[in-house]
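Below is one structure; the comments refer to it alone.
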Amino acid sequence: MLRGKGHLLIVAALAGFFWAQYQINGLILISALLFLSYLYQNKRLRLLELLSIVVVIFFFKYHYAGHFNQTYMQQSEDRLLGQVLSINNEQGSFRSFIIKAEQGNKVLIVDFSNSNATVVVAGATCMITGEIEVINQATNPGQFDYQRYLRNQGVLYQVVVNNSEDLVCQGINWLGQLSLLKGQLLNYLERYYDQDALKWMYALVFGDRSLIDAPTIDLFTKWHLSHLLAISGLHINIMIAIFSLILLKFFRVTKETTVWFNIILLIFMPFFAGGTPSVWRAAIVAWLSLMALQFKQYFLSLDILSIAFVLLLLLKPVFIFQLGFQFSFLISFFIITSKKILSDLPKHVKPIFITSLSMFVALPIQIQTFYIFNPFSIFLNLFFSFIFSLILVPLSVTAVIIAFLFPYLTGLLNSLISIVDQAILQIIDFFNKYLYMPIIFGRQPDFFILFYFLLIYLLLLCFERKQVKKTVSIFIALLCLLFVMNIRPYLNPLGKVTMLDVEQADTIIIELPYRKGVILYDVGGSYSGDFTTPSPRLYEQRIRPFLYYYGIDKIDTVILSHEDHDHIGSLAPLVADFSIGLIITSPYFNTDIIQSIDAPHKSVNYGESFMIRGQRFTVISPFKDWGNANDNSLVLQTNFADQAWLLTGDISKDVELNIINNFPQLAVTTLSIAHHGSASSSHFDFLNQLEPDFALISVGKNNHYQHPHQAVIDQLREMGITILRTDKNGAVQFFFSNQSKKGTFYPFIP
Amino acid sequence: MNCLACQQPIIEQRSWQNILLLPAEKKMCSQCEQQLTRISQPTCSYCGRNDTLDCQDCQRWVTKVVLQQNRAVYRYNPFLKEIIARFKYRGDYQLIDMFNKELKHAFHSHYNQLKATALAVPIPLSNARLQARCFNQAEAIAQRLPLSISNLLIRTEGEKQAKKNRKARLAMANPFMLSPQPTSKDRAIVIIDDIYTTGATIHHAASTLFENGYHNVYSFTLAR
């Protein structure tokens with residue numbers, strides 16, 4: 001039954017999933033049913049097959065329905081008892097894990113206590129003292145939504161542990177035992193190998209990337225090579241091949257027994273090798289194939305992949321949300337279905353075809369998740385695929401086995417792997433230095449993605465039929481589609497002003513209509529835990545994703561109001577990633593701070609007007625050197641869709657009074673409230689003269705300064721001014737059109 | 001689904017051409033399919049064989065003008081011979097389903113212009129033979145064609161054609177007579193049979209029809 005039609009199970013499982021997730025959106029379900037009934041009508045599907053597929057749809061609907069219905073917890077509780085389900089992260093002073101609480105909820109425990117007093121392993125029962133809090137949601141466009149990410153795993157709450165006495169654990173289960181065993185295994189290997197060799201063995205055999213340093217991981221991500229670090233079918237096949245060879249040649253085991261040994265090994269493989277979706281996929285596929293072979297059954301590889309898909313989602317429903325799962329199955333599906341094309345291709349073209357196909361198939365997911373694509377990565381991918389599959393993976397697997405069988409040979413393998421390690425790092429550094437030219441696509445509408453996959457399907461169809469002309473024209477259409485995706489902002493008549501939620505800092509991003517220019521007013525930075533070391537966290541998590549999300553690759557001008565870290569802290573990393581046309585400051589700005597920044601600088605004087613890409617700004621302040629950075633903030637007036645805005649930086653009441661004194665006619669529609677709503681700013685007279693309709697406040701949630709001050713808020717309310725603040729509304733966006741002279745505010749959290 | 005001819009499971013790889021709208025279920029595996037030889041152009045313009053283009057047999061028939069032409073789907077090779085024997089003599093009626101698609105396809109390419117008007121006339125069996133065999137193989141083939149079937153002929157004697165040699169077949173008296181049925185004589189007729197060997201049977205049938213006023217007679221067989 002369903003022989004050769006297994007992929008319909010994937011369709012069914014996905015239809016059920018979408019049905020459960022988007023309860024009202026029956027469109028996908030209806031099209032799936034129409035498609036199935038069409039197949040049935042045309043005798044492509046037998047009644048029993050049709051029925052079983054419908055059963056799978058319903059099954060998955062209920063499978064996932066429970067997943068999305070979670071009970072809420074009373075947040076008053078401060079003591080939590082539960083069992084550890086999985087360890088998410090364990091590095092140095094920080095670890096996080098998920099427990100299943102007595103009440104049935106899953107809770108994320110983030111432990112900063114840096115104590116080794118308590119061993120946290122899967123199956124342990126833990127008593128945690130701390131405040132149960134709802135996990136923060138994303139507050140900016142493009143920002144990674146941690147809340148949604150955890151909700152998809154069934155986790156709605158977290159407890160942060162800061163003191164070691166707040167976390168007490170006891171006990172273990174078989175999963176924990178297994179991870180302890182793995183730990184012992186790794187300790188044993190450490191006796192024989194250096195860090196350089198060990199890191200690859202950890203990653204490629206045990207699925208543990210913790211030894212690879214962060215810059216290398218970043219480089220691999222940047223060059224779309226992360227899949228090589230994930231254990232997949234290739235690694236599993238090499239492991240099986242080497243294990244079989246050793247069993248057959250050294251232990252003289254029969255072939256029959258070897259296969260059974262492998263079948264058992266594969267069951268444990270996912271637990272040992274990190275348990276990522278790609279390991280699971282590869283292990284289940286390999287297991288099913290071996291079982292089929294053992295029982296003399298012939299299955300199509302596509303059917304096996306489909307069964308693995310359904311089985312895996314039954315075992316691990318959360319996988320469907322994971323990028324690794326999506327990439328893994330999507331690419332496998334495309335490669336397997338292209339078998340016929342591959343069999344017609346010359347031998348040396350096959351790897352090129354597979355690499356390019358994988359790249360084109362992964363591209364939409366890449367764009368929708370990271371908004372950016374690195375085109376030259378294809379060459380590095382091709383090259384590294386060879387190095388990994390032919391050299392590094394076999395060497396690493398052999399190194400692990402050798403350590404147990406012939407420890408005296410480990411020195412040789414150690415140096416071999418270290419040489420490969422050096423080569424890999426140098427090559428990727430070289431590419432990164434000279435060939436890193438990313439295309440920033442920005443987030444695309446779903447319609448484009450559907451159309452993209454339709455074109456890919458047609459492309460492969462014509463390629464398979466050897467219709468050269470059609471194939472070429474579809475390929476050109478595909479490139480045109482990518483081009484259109486890339487220039488979409490330049491066709492958009494709407495301009496956009498965004499006050500980004502960068503916590504207790506300031507960043508305003510102006511995108512002019514038809515993307516005529518991108519202007520930043522301040523680029524706030526953050527500090528790391530010690531409150532003195534600058535940290536790129538805000539930039540990496542909020543500012544850069546935002547710019548990428550809207551497909552911004554070049555910034556015309558960065559205006560810096562004054563020297564404080566919360567207004568300029570992200571400038572250095574910004575300059576490293578984007579080309580910046582000009583930096584504008586007030587004449588009193590301490591330029592020593594931006595000495596190292598490689599971008600032209602210009603200062604503008606009081607009363608001066610200047611144009612950036614057709615957008616006029618007028619300098620309202622500083623009138624003189626006020627002697628302190630805040631008061632020297634560069635205050636600018638500009639118009640969007642004929643509505644006046646005033647950008648104020650951190651000026652105090654004195655400067656505000658000075659402004660209304662100098663500009664008695666000045667009135668605005670939108671005012672960015674100075675200094676995060678501090679009581680030292682926002683003088684009544686100032687507000688009274690400007691008469692704004694909207695007040696924008698950039699302020700961090702529960703900040704130490706207790707900004708915005710209640711008096712300021714009361715004042716604004718009393719004057720009937722609409723308040724939009726980043727701690728409550730997230731990013732606040734103003735979409736405007738210069739033609740219709742209209743603009744509207746859209747807070748990210750309404 | 002197993003192959004009707006060899007009983008082995010049919011394994012068909014998925015590719016981009018058949019992943020979305022799955023292909024129709026196949027009745028024959030590709031190995032068996034390869035053993036059949038489809039008759040392709042060019043063929044003898046009269047009897048439709050393509051192993052030789054001017055056949056001696058046809059010299060004889062052409063002069064009689066009772067039949068316009070014969071067309072066939074496959075060559076009568078040992079593999080097909082075996083299949084037809086199983087089908088006809090050992091009563092494996094299902095085997096004919098292996099040829100459904102090709103029968104339609106070949107008929108379409110040769111007789112597309114006759115589709116609307118022509119009548120299919122299967123070569124009949126004698127009553128005794130029909131009793132023994134339970135089905136008429138020619139009628140089974142005719143049912144798979146896009147034509148309406150009319151049993152215009154009746155067989156009067158029942159000697160097995162297959163048991164006769166070439167000379168005896170050619171010398172045989174015409175075993176067919178017309179069944180009284182109200183059919184317009186202007187309609188084209190396509191005589192249907194399983195095999196065209198010497199052409200004797202089909203020409204007997206054709207001349208019976210010709211004598212009774214059907215002047216537009218063709219024939220179509222599975223094997224030649």
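Lettering of chains follows the sequences in order, A, B, ..., and the numbering in each one begins at 1.
Taking the six-membered ring where the residue is Trp, A:F325 and A:F309 present tilted rings, their angle falling between 30° and 60°. Using cut-offs of 30° and 60° for the angle between ring planes, the A:F333 and A:H7 rings count as tilted. Note: B:F87 and B:Y93 have tilted aromatic rings, judged against thresholds of 30 and 60 degrees for the angle between ring planes.
Your options are A:E464, A:K43, A:K340, and the one with the most heavy-atom pairs under 4.5 Å with chain B is A:E464.
For A:R46, the part sitting under 4.5 Å from any heavy atom of chain B is the side chain, from C-beta outward, and nothing else. When heavy atoms are compared at a cutoff of 4.5 Å, A:L302 approaches chain B solely by way of its side chain, counted from C-beta outward. Proximity to chain B is absent for every atom of A:F463, based on heavy atoms less than 4.5 angstrom apart. Contacts of A:L39 with chain B are made by side-chain atoms alone, with heavy-atom separations under 4.5 Å and no backbone atom involved. At a 4.5 Å heavy-atom cutoff, A:F299 makes no contact with chain B through either its backbone or its side chain.
We find the CG-CG distance between A:L461 and B:L20 to be 9.0 Å, quoted to the nearest 0.5 Å.
Put simply, the residue from A:R465, A:K466, A:K339 that forms a salt bridge (Lys or Arg N to Asp or Glu O under 4.0 Å) with A:D344 is A:K466.
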